[in-house]
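See below for the structure under consideration.
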Amino acid sequence: MDLTAAQQVLKKNFGFDDFRPGQRSVLEHVLAGDNSLAIMPTGGGKSLCYQIPAMLFEGITVVVSPLISLMKDQVDALNDSGIPATFINSSLEWPDIRERLSALRRGDYRLLYVAPERLDSAGFIQALAQLPIDLLAVDEAHCISQWGHDFRPSYLALSTAIEQLPTHPQVLALTATATEQVARDICQQLQIDPQNEVNTGFARDNLDLTVVKDQDTDRYILDYLEVNQGETGIIYASTRKEVTRLTKLLTSHHIKAAAYHAGLDDEVRQQNQEDFLYDRIQVMVATNAFGMGIDKSNVRFVIHAQVPGTLEAYYQEAGRAGRDGLPSEAILLFHAADLQIQHFFIDQSEMDDEHRQQAYMKLQMMSQYANTQDCLQQFILKYFGEDSEPCGRCSNCQDHRQAQDITEEAQKILSCVVRLRSRFGKGIVAQVLAGANNQRIRDNHLSELSTYGIMRGTSQKTLTTLIDFLTAGGYLQAIGGQYPTLHVSAMGAQVLKGEVTVYRKMAQRVQRLAPVDDGLFQELRAVRHDLAEEQHVPPFVIFSDQSLKAMCEIMPTDDDAFLTVKGVGLSKLTKYGAAFMAVIRANKAD
Ligand code: ADP
Ligand code: ZN
């Protein structure tokens, strides 16, 4: 298929030279008139797959999207690129909606964004039926499937709505997270021939995955933010209480942070989200209520302070880092105890038994992800049914220290627990190993044990940490309430017999994400910030970080050179070229 016309729109309106391979395949299906399904990772470039056809088709492209809070920004961004678009959702009053509908009938717009809830209304479907709709793009299409992690009942109205449209528009479904089961469900409900499914894979080459186990959450986050000063990111926690606590922690350390969870007033929530989108705050601390489609492109890190309930949810939330393609990080801070919170959520939910069992299994997978010693990226891809090589970038691929073998130490500790006949807690175990001499040891004749003092020279504190590690790893079990006693587990017994080797990762040090930004980049960022405030749009609507970085490299000072910058089309050149080139010229002159 000839994509020349599409290529022209790509250059003129979006400022890009080439399609990504996945976009090319999707466009071929869409322009051939097929119903199709695009599965691409976050940041893969799904939006262009319907925005470009919208410019090429005669009629209107309707985009169904659950991201009401973002519609205005998306529409602003399109208008800014010279593509006439509008939206209709619950934030508008009737007169305004009527006005937009008549403008649509006049042919003033190429794209219309609507919330799925609209499709429940017969009146609205009637209004749509009067429009020349060519294409219906269904964003976040996994919401249609009950097997997905984000099922939305209003999506079920989609197929009925399509049947009622006299133009019988073709359908393009898009999602970043679909297991095979979910993909089948989407195709079936939206009448997409599975042959027209384009799946570019789930790998995110610019996203480095890290799991950090059993480290102090607050310390880690504060260290991370200190090392990565000025970088923007999201910190997820499972409960509102923890979100509030972490937000306080950060603000008390003079970090510009705000909270987002369902318990906040709508107004506060809106304001915090806007502050984040507009780069007025650096860190958003949030529950999973935040982020469905936060397409702020310059999120550099996503830290999960607590483990989420499924790998789908984890990867989707983690994937909000690095949509602009620049190196970014997704870090999971794992404490086995946090699994209990998710367990509780599942226990409390109103799922039927089948779904409940599935939810427990998904949580189990999440826990395996946190505990695997294999490539993290590979683990996730395999979960989505995709084979791959080790990524070479994640914390497991990078962790050459993981070969540290502590089997001998483990055996000493475990045998001491056996000698103590599981009657004591970790304090006494550590004292016996270290060869301490106190009243309790003497009263119980513990110095007569063969394991007494076999780890003399190691501090009791280090020994306690080692015991905690063996407990977390399941080699030891702490049983009982306030003063638990230690017991050797079946796996611990295997260690004693020499059948299992014990490895331990040392504390992970925090590393800086990317080289320090240079001065020009900061100046361009300031220009972008001012323009954004002036026009009441988020900064990334004007230019992505990637475009600013490209300006720093190319240093364009005339229109032709400026047009070669990724993300600069004619419309952006006209609007912003002068302002940015003025700064670049001044820098060249220095
Ligand atoms: P998705 O919806 O799949 O998460 P987007 O459509 O938001 O991704 O695109 C992610 C980023 O990639 C955006 O900053 C977009 O401008 C950029 N992008 C999309 N297509 C291309 C392309 N062909 N060349 C360069 N950049 C692109
Ligand atoms: Zn890896």
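- Between the side chains of Thr287 and His261, no donor-acceptor pair of N or O atoms lies under 3.5 Å.
- Side-chain atoms of Asn587 and Glu523 form a donor-acceptor pair, as typed in the model, at a separation below 3.5 Å.
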Side chain to side chain donor-acceptor pair (under 3.5 Å) assessment of His29 paired with Ser36 | CA-CA 7 Å; His29 283 299; Ser36 30; 5.4 Å; no
Check the pair Ile186 / Thr175 against side-chain contact (heavy atoms from CB on, under 4.5 Å), numbers first and verdict last.
-> CA-CA 10 Å; Ile186 297 173; Thr175 176; 4.2 Å; yes
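- Judged purely by atom type and a 3.5 angstrom limit, Asn79 uses its side chain to pair as donor or acceptor with the backbone of Ala85.
- Under a 3.5 Å cut-off, the side chain of Ser328 and the backbone N or O of Leu326 do form a donor-acceptor pair.
- Under the 3.5 Å distance criterion, the side-chain polar atoms of Arg204 are matched with a main-chain donor or acceptor of Ala321.
- For Gln271, the side-chain hydrogen bond (donor to acceptor under 3.5 Å, both in side chains) partners at least two apart in sequence or on another chain are Asp275.
- Thr310 places none of its side-chain heavy atoms less than 4.5 Å from the side chain of Gln316.
- Looking at Asn196, its side chain never comes within 3.5 Å of a backbone N or O of Asp34 through a donor-acceptor pair.
- Distance CG/Leu209 to SG/Cys375: 7.5 Å, rounded to 0.5 Å.
- Annotation: Tyr260 is in aromatic contact with Phe290 [ring centroid separation under 6.0 Å].
- Counting all heavy atoms, side chain and backbone alike, Ala318 lies closest to Val302 at O-CG2, 3.8 Å.
- Each ring pair (Phe, Tyr, Trp, His ring centres under 6.0 Å) pair with one or both residues in residues 41-60, not counting sequence neighbours, would appear here, but there are none.
- Listed here is the closest heavy atom pair of Leu381 and Ser388: CD1-OG, 3.5 Å.
- Contacts of Ala54 classified as side chain to side chain contact (heavy atoms under 4.5 Å, CB included), with partners at least two apart in sequence or in another chain: Thr61, Leu111.
- To the nearest 0.5 Å, atoms OG1 (Thr557) and CZ (Phe562) are separated by 11.0 Å.
- Among all heavy-atom pairs drawn from Leu548 and Phe543, the shortest one is CD2-CB, 4.1 Å.
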Can Arg245 and Asp218 be said to form a salt bridge (charged side-chain N to carboxylate O under 4.0 Å, His left out), step by step?
-> CA-CA 10 Å; Arg245 192 188 71 77; Asp218 295 3; 2.9 Å; yes
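- Sequence neighbours left out, the pairs with a member in residues 530-546 that pass side chain to side chain donor-acceptor pair (under 3.5 Å) are Arg280-Glu533, Arg528-Asp545, Gln535-Tyr576, Ser544-Ser547.
- Side-chain contact between Ile235 and Leu250 is present, with at least one heavy-atom pair separated by less than 4.5 Å.
- A heavy-atom distance below 4.5 Å is found between the side chains of Val212 and Thr210.
- Counting heavy-atom neighbours within 6.0 Å of Lys12 NZ, excluding the residue itself, gives a total of 12 or less.
- For the pair Leu376/Val211, a side-chain contact is recorded, criterion being any heavy-atom separation below 4.5 Å from C-beta on.
- Exactly one residue among Tyr315, Tyr383, Phe384 makes a ring pair (Phe, Tyr, Trp, His ring centres under 6.0 Å) with Phe202. That residue is Phe384.
- Looking only at side-chain heavy atoms (C-beta outward), Gln170 and Asp134 stay at 4.5 Å or farther from each other.
- For the pair Leu246 and Val285, the tightest heavy-atom approach, listed with the atom from each and the gap, is CB-CG1, 3.9 Å.
- Taking 4.5 Å as the limit, every side-chain heavy atom of Ser238 sits out of range of all side-chain heavy atoms of Glu242.
- Contact detail for Tyr278 and Pro538: the closest heavy-atom pair is CZ-N, 3.5 Å.
- Tyr113 is not listed as a side-chain neighbour of Thr86, based on a closest heavy-atom distance of 4.5 Å or more.
- With respect to the salt-bridge test (charged N to carboxylate O, under 4.0 angstrom), the residues Asp324 and Lys549 do not qualify.
- Listed here is the closest heavy atom pair of Leu31 and Ala6: CD1-CB, 4.4 Å.
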Could you give the side-chain donor-acceptor pairs of residues 89-99 under 3.5 Å, partners two or more places apart or in another chain?
from, atom 1, to, atom 2, distance (Å)
Asn89, OD1, Ser91, N, 2.8
Asn89, OD1, Ser91, OG, 2.6

Test side-chain contact (heavy atoms from CB on, under 4.5 Å) on Leu37 and Val198 and set out the steps.
-> CA-CA 6 Å; Leu37 166 62; Val198 175; over 6 Å; no
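- Proximity of a side-chain donor or acceptor of Ser145 to a complementary backbone N or O of His142 within less than 3.5 Å is not detected.
- Distance alone, capped at 3.5 Å, is enough to place a donor-acceptor pair between the Lys588 side chain and the Met555 backbone.
- Judged by distance alone, the side chain of Gln23 and the main-chain N or O of Leu48 form no donor-acceptor pair under 3.5 Å.
- A donor-acceptor pair under 3.5 Å is absent between the side-chain atoms of Arg110 and the main chain of Ile83, judged by distance alone.
- Note that CG of Asp560 and OG1 of Thr564 are 9.0 Å apart. Values are rounded to the nearest 0.5 Å.
- Looking at Asp139 and Lys46, no side-chain N of the basic residue comes within less than 4.0 Å of a carboxylate O on the acidic one, giving no salt bridge.
- Environment of NZ in Lys575: crowded, with over 12 heavy atoms of neighbouring residues, nucleotides or ligands closer than 6.0 Å.
- Partners of Asp205 according to the side chain to side chain contact (heavy atoms under 4.5 Å, CB included) rule, which considers only residues two or more places apart in sequence or in another chain, are Ala203, Arg393.
- Between Asp279 and Lys296, at least one side-chain N (NZ, or NE/NH1/NH2) sits under 4.0 Å from a carboxylate O, which counts as a salt bridge.
- Panel note: side chain Arg320, backbone Ser297; no donor-acceptor pair is recorded below 3.5 Å.
- A distance of 8.5 Å separates CD1 in Ile52 from CD in Gln7, rounded to the nearest 0.5 Å.
- The side-chain heavy atoms of Tyr224 and Glu329, taken from C-beta on, include a pair separated by under 4.5 Å.
- Using a 4.0 Å cut-off between charged side-chain N and carboxylate O, Arg269 and Asp265 make no salt bridge.
- Put simply, the side chain of Glu140 never gets that close to the backbone of Leu174: no donor and acceptor are under 3.5 Å apart.
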